[in-house]
Amino acid sequence: QVQLVESGGGSVQAGGSLRLSCVVSGYGYGMRSMAWFRQAPGKEREGVASIDSDGRERYTDAVKGRFTISRDNAEKILYLQMTSLKPEDTAMYYCATTRLGEIASLSQQQYNYWGQGTQVTVSS
């Protein structure tokens with residue numbers, strides 16, 4: 001079984017920062033690609049950032065230069081450091097992981113395991 005639990009969401013003013021965490025349980029964490037997705041009311045879920053087993057990162061253009069994805073393979077935690085937050089970043093944020101050996105992407109179809117989400121609200 002693979003389980004993911006997000007935390008770190010909250011309400012901040014524009015320009016503020018938050019760090020999201022995702023604790024992963026299950027075998028093979030270091031061999032899986034992982035990603036953060038987000039979904040705002042009335043919008044489709046979109047990929048925010050991904051990181052593969054070799055540490056290669058990918059970001060959607062909307063967050064490039066502001067967000068940083070990282071992973072702690074020893075503790076099996078995925079992070080998303082968010083800075084210079086904007087109101088348009090407001091969404092439910094989900095962490096997700098692939099099956100073993102999958103290459104990372106920002107396509108939700110690639111991801112088989114999902115957390116329950118943590119809410120991020122950015123006010124102006």
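Excluded from the calculations below are hydrogen atoms, water molecules and symmetry mates; all remaining heavy atoms, backbone and side chain alike, are included.
For R38, the salt bridge (charged side-chain N to carboxylate O under 4.0 Å, His left out) partners are E46, D89, not counting sequence neighbours.
Atom CD in Q116 sits 10.5 Å away from atom CD in Q3 (nearest 0.5 Å). I77 contributes atom CD1, which lies 10.0 Å from atom OG of S70 (distance to the nearest 0.5 angstrom). A distance of 11.0 Å separates NZ of K76 from OG1 of T97, quoted to the nearest 0.5 Å. How far CD of Q13 is from OG1 of T121: 13.0 Å, rounded to the nearest 0.5 Å. To the nearest 0.5 angstrom, R71 atom CZ is 7.0 Å from S33 atom OG.
Between F37 and Y111, the ring-plane angle classifies as perpendicular under the 30° and 60° cut-offs.
Minimum interatomic distance between T90 and Q119 (heavy atoms only, all atoms of both residues): CG2-NE2, 4.1 Å. Residue S124 comes nearest to P87 through the heavy atom pair CB-CG, 4.0 Å, listed as atom of the first residue, atom of the second, then distance.
As a member of the Ile/Leu/Val/Met/Phe/Trp/Tyr network built from side-chain separations under 4.5 Å, M31 groups with Y27, L100. Grouping Ile, Leu, Val, Met, Phe, Trp and Tyr by side-chain contacts under 4.5 Å, direct or through others, puts Y29 with V2, L4, V12, L18, L20, V24, M34, W36, V48, I51, Y59, V63, F67, I69, L78, L80, M82, L85, Y93, Y113, V120, V122.
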Discussion item. Run the side-chain contact (heavy atoms from CB on, under 4.5 Å) test on Q1 and S25 for me, step by step, so that the C-alpha distance in whole Å, both residues' side-chain angles and the decisive distance to 0.1 Å come before the verdict.
Written reply: CA-CA 8 Å; Q1 294 289 319; S25 300; over 6 Å; no
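Judged by distance alone, with hydrogens and angles left aside, the side-chain atoms of E6 form a donor-acceptor pair with the main-chain N or O of C95 at under 3.5 Å. Panel note: side chain D52, backbone D54; a donor-acceptor pair is recorded below 3.5 Å. Side chain of S50 to backbone of L106: no donor-acceptor contact under 3.5 angstrom is found. Using modelled atom types, one side-chain atom of T83 and one backbone atom of R66 make a donor-acceptor pair closer than 3.5 Å.
The neighbour count for E88 CD, taken as heavy atoms of other residues, nucleotides or ligands under 6.0 Å away, is above 12. No more than 12 heavy atoms of other residues, nucleotides or ligands sit less than 6.0 Å from atom CZ of R58.
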